[in-house]
**Student:** 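Dumping the structure here so I can ask a few things about it.
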Amino acid sequence: MLKGKKFILGISGGIAAYKCAHLTRLLVKEGAEVQVLMTKMAKEFITPLTMATLSKRPILVEFYNPENGDWNSHVDTGLWADAMIVAPATANTMGKMANGIADNLLITTYLSAKCPVFVAPTMDLDMYTHPSTTRNMETLQSYGNILIEPGSGELASGLVGKGRMAEPEEIVEKLKAYFKKKASKKLAGKKVLVTAGPTHEKIDPVRFIGNYSSGKMGFAIAEELACRGAEVVLVTGPSSLSCNHPNIDRINVVSAADMYKACEKVFAGCEIAVMSAAVADYTPAVKADQKMKRKSETLTIELKSTVDIAKALGEKKKENQFLVGFALETNDAEQNALKKLNSKNLDLIVLNSLQDSGAGFNVDTNKITIINKQNNKKDFPLKSKVEVANDIVDEIESLME
Ligand code: CTP
């Protein structure tokens with residue numbers, strides 16, 4: 001899978017830089033070409049001679065050779081590669097990547113690269129859990145970079161926790177899986193509808209009924225589908241998330257009624273629809289034109305039910321259309337998910353149980369079970385929402401025949 005592929009390996013200054021010798025060796029053994037870029041600090045952890053010998057190419061550190069003015073073109077290097085791997089990615093390097101601070105060759109090459117970029121963070125536990133690190137990792141993912149999560153264990157400082165750079169074997173596996181997916185053209189050009197986020201049901205001009213959905217799961221699914229060549233229409237309720245993939249056409253909606261209107265239009269031309277939005281089941285029967293005033297000790301708002309979008313699309317579904325729903329349950333999870341699969345005429349249902357810690361709204365992780373029409377059930381461990389999106393799309397792809 002990696003034979004003939006060209007990789008830029010950007011090494012920043014962390015103790016895990018020593019693992020890059022093995023990573024380079026593995027990539028070269030697979031028949032890949034590796035161009036190593038190092039930051040100045042990285043050279044303190046592993047020698048250029050080691051990396052040049054293993055990669056069979058001179059490594060690059062500086063913008064130019066001060067002896068003869070020979071320029072190391074970050075643009076050419078960036079365009080040469082099929083993928084860039086930043087490993088280890090220190091907090092400093094990720095901060096620069098997230099904010100475009102182009103003060104070394106690794107960052108300028110990253111900014112010029114048009115290829116997918118894999119980022120393998122490493123740092124001490126306290127740095128890893130700092131909000132700025134979390135924010136930078138989220139920003140990098142929002143640019144479409146692929147995060148290779150660090151493992152847990154004993155860290156260089158002696159602290160125990162998350163922050164160990166992924167092992168070279170795991171990085172190679174991730175690269176192989178990526179290129180395998182890219183080679184599969186099953187989803188290329190397919191029109192897909194994805195719903196995401198919450199809906200806001202207006203009570204009066206300043207108040208609404210909503211829920212805690214952030215849209216993270218739906219956005220990650222849209223990104224994953226788009227990366228595999230699908231043409232995605234993402235119909236999303238209010239969400240602060242951004243998506244920049246050129247294959248994603250985003251339609252912003254507010255209420256369940258707006259979402260239904262948008263989906264109805266798009267669905268007819270789609271082969272796949274993934275309903276990951278947390279749509280309100282009820283909306284105020286009357287929406288006040290003016291701000292409601294405090295009048296009495298209690299207030300009753302009459303609600304009427306909204307359209308069940310997944311169900312409505314399930315009723316319209318044609319032979320060649322594939323419909324995926326979600327079920328968020330607090331009790332009798334599997335039983336309820338199966339009921340929804342059948343009553344909404346879905347082909348697949350993704351169950352998240354709120355009883356699992358780390359699953360559900362407004363967190364970066366999810367733990368899912370996928371059930372298909374034949375009642376085949378697959379349980380997945382707790383993973384990042386990006387990885388969960390990958391599993392869901394894998395499943396859709398495998399059932400698309
Ligand atoms: N859904 C939808 N439109 C609605 C309500 C739900 O499209 N008005 C979709 C969701 O996007 C999800 C699936 O239906 O794919 C199940 O949603 P969920 O909220 O778990 O279940 P409900 O059908 O609303 O049932 P309940 O709230 O009673 O569990």
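Keep in mind it's a predicted model, so treat the numbers as computed, not measured. Indexing begins at 1, ligand by ligand and atom by atom, following the structure's order.
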**Student:** Report all N/O contacts between ligand 1 and the protein shorter than 3.5 Å as a table of atom names and distances to 0.1 Å; if there are none, say 'none'.
**Tutor:**
residue, atom, partner, partner atom, Å
ligand 1, 3 (N), Ile309, N, 3.0
ligand 1, 7 (O), Ile309, N, 3.4
ligand 1, 7 (O), Ala310, N, 2.8
ligand 1, 8 (N), Val307, O, 2.9
ligand 1, 11 (O), Met275, O, 3.2
ligand 1, 11 (O), Ala277, O, 2.7
ligand 1, 14 (O), Lys344, NZ, 2.8
ligand 1, 15 (O), Met275, O, 2.6
ligand 1, 15 (O), Phe326, N, 2.8
ligand 1, 15 (O), Phe326, O, 3.4
ligand 1, 20 (O), Leu328, N, 3.2
ligand 1, 20 (O), Lys340, NZ, 2.8
ligand 1, 21 (O), Lys340, NZ, 2.9
ligand 1, 23 (O), Lys344, NZ, 2.4
ligand 1, 24 (O), Asp281, OD1, 2.9
ligand 1, 24 (O), Asp281, OD2, 3.0
ligand 1, 27 (O), Asp281, OD2, 2.9
ligand 1, 29 (O), Lys340, NZ, 2.9

**Student:** Here's a test for you: under salt bridge (Lys or Arg N to Asp or Glu O under 4.0 Å), which of Glu149, Glu169, Glu167, Glu387 qualifies with Lys174?
**Tutor:** Glu387
**Student:** How about Thr133 and Asn136: does a side-chain donor come under 3.5 Å of a side-chain acceptor?
**Tutor:** no
**Student:** Can you tell me which residue pairs pass the salt bridge (charged side-chain N to carboxylate O under 4.0 Å, His left out) test with a partner in residues 114-134, sequence neighbours excluded?
**Tutor:** none
**Student:** Identify the residue among Lys3, Lys176, Lys5 that makes a salt bridge (Lys or Arg N to Asp or Glu O under 4.0 Å) with Glu30.
**Tutor:** Lys176
**Student:** Thr47 and Thr50: side-chain donor and acceptor closer than 3.5 Å?
**Tutor:** yes
**Student:** Under a 4.0 Å N-O cut-off, is there an ion pair linking Lys377 with Asp379?
**Tutor:** yes
